[in-house]
Structure formats: structure tokens, C-alpha cells
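So the structure is just underneath, and the comments pick up after that.
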Amino acid sequence: MSVVASRSAVSRLQMFIVLVSAMALLYASTANAAYSTVFVACYAGIYFAMLHVYRNHGHIDLFSPVIGIPVLVLLYSWGSGLFVDATGRTPFDDSIADSTRAIFYVCGLVGVASFMAGALSAQRVTVLPFRLAGKPSVVPASWYLVAGVVGVAWAVIFFADVFPKFNFLNVESYYDTAYESRVERMEDVTAGVREVFTIYPAIVLLLSFSAIAVLKRDAPLPARVLGVVILGAYFTTNTLSGSRHQVVQALVILAMYYHYHIKRVKPVATALAGAALYLFVNLITVARRTAEPLEMLRYVTTYLTDVGASGLGLAASGELVTGANLHKLIEGLNSGLSDYMYGRNIINEILVFVPRVLYPNRPNSMAQEFVAQFYPGVLEAGGGYGFFILQEGYWMLGLPGILLSMYLYGFGLERLYRWFLRNSHSTLATVLYAWVYSILVVSSVRGGIVSSLRAALFVAFPLLCLWWCFAKLRKSTAARQ
């Protein structure tokens, strides 16, 4: 047996020992205060042991899924766990038993171990199970200018739908529109389909153009100015409206282009940016009761004055406590309020792809079904509570469901990442990966796996179409020559 093989075998044995020890320690811990501490220690042990093996077999950097998903799952699990441990209840005042809290933490450990195992398995696969339009090299370096022209044309054609996304002079707050907009979407059978063909192409193409035009050193000055205007209007509008995801998504695109095409982002800068983003996401949750800048500032100041530094803790994060929905699901399954779906949830999520204009009585998405079953009346009123990434697998089959779903998710994301690394010299491949990453990694932790896959297809569609057009144009030009 070679030295490398021996080390690999030892590493696998170490991972197995760490995992078994983690489970034993967690179940043996009966003191409430010890749950989160033991969980974090076990989580870190499992993650770093498997990350060590991962690094021995492949490249890893800031935007690798094996960095993003485990870190976010830890934050959501830790924040939610701290809240429930301290109060014995979810943020929606549901009583949670001690046994449920223990199972919740075990779910987090199984989730990270399964995800990393999937990524490790994907390292040994050399081909993708699908073929794209061609190599990114068929796309000229000036493609972003074409994207800008098409994006502007699309925005003009569908002006009434697209302009509100950039109109910072007339912004309604999240609190004023969230419930009403969800109710309207449920009543409108064309909702979803219309956005895919009207709003998404314009926003994806305009932001892709703007990110490159602003950061690319040799970009034409008019394009750079237009890019600054577009990004400024988009950031301002979505910050005032409290749309956290849209702001973070645009930042991811800028950061990823900078990282791969200008200068690698250092770990210290990454840590500082992460801390700033954490503050923004949590404070905008407080501020988005209004869309008036001075009023938003007043809300934030009052909040920090009243609660102090504790208001910035993990358990106080209105975003991170989304993970407590898994507590509610576990409690509901144990009490008979709901039942395991045994794969039916996958069929339902696939059927959600069918537009309601063609299938009016299609099933709810898993996030909608969770609210409908566990909080009757809230969905009809336009409410939504988020859907923690581990809920999907647990609702399907308990802990084995988490193991299966997170393993497959880790495998798929690792294959996507490795395709990107082979083509990271292409700015189109970078921007495409950035859009998909912003959903499949950043948003999926609070939105669920299948719903995130659907959303990623929607944002990727305009760029894939542009890529296909360039490939066809190059092929026809070569044929004529």
C-alpha cells in the first residue's frame, strides 16, 4: 500500500471516529447550556477533518461550495439553537422539547458530514453528466457590452415591470408590500412565468454588464459610467426596500469577478467583508419597516440603544433563526401533526416547475406546505417563514433523508465548482457561476434545495441563451470561411 493510500485510509478512519464521537457526546449531553457548545465543537471537528481530506485531493478557495455551505449551515444552526436553548421556544412561540433540541443538533452534524462526503465523492468523477453550449472560449471578451445592450432593450420593452427594481425615488418598504405581494402572486396564475421572461433577463444582463464595466480596467468610459448608474440605482432601491437577498446577490457578482479577474481576495479582507455583511443583513431586518432613509437610521439606532451589543448576536438575528423551523418540523413529526413524505416532496417540488396557468391546482412548494401545515392561515394571508436547507431531507425520511439530500447536493455543487475552475479564465463563466452560487450556496440555506435549483435555472437562463447565441454565431462564421 502506498503512502498516499495509507494516509487516505487513516483520514477516513479519523473522520469516522470523529463522527461517532460527535453523536455520542451530543446525546450524552443533558445540560441545556452544553448543547450548543458541544454541537459547535463536534461540527468543527467533523468539518475540518473532512476539509483536510478534501484539500489533499483538490483545489479550494473563497468561493468553493465546501466553504460557503458548511459555514452558513453552522451559523443558521447555531443561531437558531441558541435562541431555542435560551427560551425553550421558537421565534413564533412554539414550545420545543429537550429531545427535539438534541435531534436538531444531530441534524446539523449529519448535514455537514453528508455534504462534505458528497463533495469528496465528486472529486473522483472526471466528467459532467451534461453538456453545455460549448467552451466559454467561444464567447468574445466584449460579450458584456452585448449583454448591456440586450439588457437595456429588454428593460425598455418591459419597462413597467423592470423600472421599479431600479427606481430609488419611489420605494415601498418590505413591511408595506411583503404580505400583499405574496397574496397577489398566489392569485395570479401567470406569476412566476411572467418574471422569467420579463424581469429576470433584464436584471441578470444589466447587473452582469455593470459588474464587469465597473471593475474591468479597460472598459469603455461610457460603459463604466452606465454601470455605476445601474448598480447605484439597484443597490439604493433594494436597500431602501429591505430586499436583502438582491443586495447580497449583486455583491457576490462583484466580489467574484474581482477575485478571479483582478486580484485574489485575502483572508483578512474576507473576514472583514463577512462581518460587514452580517451587520448589514441583520440591521436591515430592523430598518425595513420603512423606506425613508432617516427613519431607517432611527429604527437601527433605537434598536441598538435598547438591546445593546446583544442585538447583534447570533440568537438575535432575524435571519439566522430561520433554522428554528427545523425544530418545529421535528416537533410536529414527533407529535403526529405531520408525517414523513417518503419522497413525495420531490415529486411535488418537480410539479411546482409547471406554471399554474397550465396546472392551476399544482402542489405547494415545500416552503409553502410547511407554513400551510404548521401555521394554518398564515400562507393565505401572504406570510412565509423561510425553509431551512435541512428541513427538506428530514421531512422526506428523517436523518437518512438529510444524509441523502445533503450528499447529493454536495456532489452536485462540487461538480459545478470544478467545471467553473476549468473555465475561470472566462468572464462569462465567472459571472454565470456567481449568479448560480448566489442562489445555490447563499440563498439555499434558508430557501431549500429544490426551490433554489429552480431559481438558479431562472437566473442562468439569460446568460446561457447569450452563450448559445455566441456559439452558433462562431460556428456559422467558421463554416462560411
Side-chain angles (χ1 to χ4, degrees), residues 32-33 36 40 71-96 168-182 232 234-252 270-328 371 375 378 381-388 442-443 445-447:
N32 290 353
S36 60
V40 173
V71 169
L72 288 172
V73 169
L74 173 62
L75 290 175
Y76 277 80
S77 299
W78 197 4
S80 303
L82 285 171
F83 184 95
V84 175
D85 288 350
T87 63
R89 314 185 77 82
T90 70
F92 308 109
D93 205 34
D94 306 296
S95 179
I96 299 299
F168 57 88
L169 298 177
N170 184 24
V171 182
E172 292 184 289
S173 72
Y174 174 86
Y175 273 50
D176 291 334
T177 61
Y179 281 79
E180 292 82 355
S181 62
R182 291 193 189 114
Y234 190 77
F235 278 125
T236 304
T237 302
N238 286 285
T239 300
L240 293 177
S241 67
S243 302
R244 299 169 300 189
H245 170 66
Q246 283 72 17
V247 173
V248 172
Q249 194 170 51
L251 289 174
V252 166
T270 301
L272 292 174
L277 200 58
Y278 174 83
L279 291 175
F280 169 79
V281 168
N282 287 286
L283 292 179
I284 201 68
T285 303
V286 177
R288 63 182 182 175
R289 295 187 180 95
T290 178
E292 295 294 328
L294 293 179
E295 280 295 299
M296 294 176 77
L297 182 60
R298 185 180 67 81
Y299 276 122
V300 170
T301 303
T302 302
Y303 173 75
L304 294 177
T305 302
D306 291 343
V307 302
S310 63
L312 300 177
L314 297 178
S317 170
E319 173 66 22
L320 298 183
V321 294
T322 299
N325 287 334
L326 178 56
H327 285 96
K328 177 64 174 177
V371 177
Y375 299 98
V378 173
Y385 293 151
F387 196 70
F388 189 35
V442 178
S443 299
V445 181
R446 61 126 37 230

Heavy atoms of L82 and S36 approach each other most closely as CD2-OG, 3.5 Å

What distance do H245 atom NE2 and R446 atom CZ have between them, rounded to the nearest 0.5 Å?
-> 10.0 Å

Would you check if R89 and F83 make a side-chain contact, meaning some heavy-atom pair closer than 4.5 Å?
-> no

Are any side-chain N or O atoms of Y76 and backbone N or O atoms of V445, one a donor and one an acceptor, separated by less than 3.5 Å?
-> no

Below 4.5 Å, heavy atoms only, C-beta onward: do E292 and R298 meet side chain to side chain?
-> no

Do side-chain atoms of T322 reach the backbone of E319 as a donor and acceptor pair under 3.5 angstrom?
-> yes

L320 versus W78: any side-chain heavy-atom pair under 4.5 Å?
-> no

Is any side-chain heavy atom of L312 less than 4.5 Å from a side-chain heavy atom of N282?
-> no

S241 side-chain N/O to N238 backbone N/O, donor-acceptor pair under 3.5 Å | yes

Without swapping roles, check the side chain of T237 against the backbone of F168 for a donor-acceptor pair under 3.5 Å.
-> yes

Atom OH in Y278, atom CG in L283: separation rounded to 0.5 Å?
-> 9.0 Å

Find out whether M296 and I284 are in side-chain contact, i.e. whether some heavy atom of one side chain is under 4.5 Å from a heavy atom of the other.
-> yes

Heavy-atom nearest pair, P91 first then A324, reads CD-CB, 3.6 Å

Roughly how far, to the nearest 0.5 Å, is OG1 of T239 from CZ of F280?
-> 4.5 Å

Taking all non-hydrogen atoms of both residues, which atom of A291 and which atom of S173 are closest, and how far apart?
-> N-CB, 3.6 Å

Close side-chain approach of L304 and V286, heavy atoms under 4.5 Å = no

L169 atom CG, over 12 foreign heavy atoms within 6.0 Å = yes

Sub-4.5 Å side-chain heavy-atom contact between Q249 and V442 = no

Measure the spacing between CG of D85 and NE2 of H327 and express it to the nearest 0.5 Å.
-> 6.5 Å

Can you say whether the rings of Y375 and F92 are parallel (under 30°), tilted (30 to 60°) or perpendicular (over 60°)?
-> perpendicular

Residues, nucleotides or ligands: over 12 heavy atoms within 6.0 Å of E172 CD = no

From OG1 (T290) to CG (L297), nearest 0.5 Å | 11.5 Å

Hey, could you give me the OG1/CG distance between T87 and D93, rounded to the nearest 0.5 Å?
-> 8.5 Å

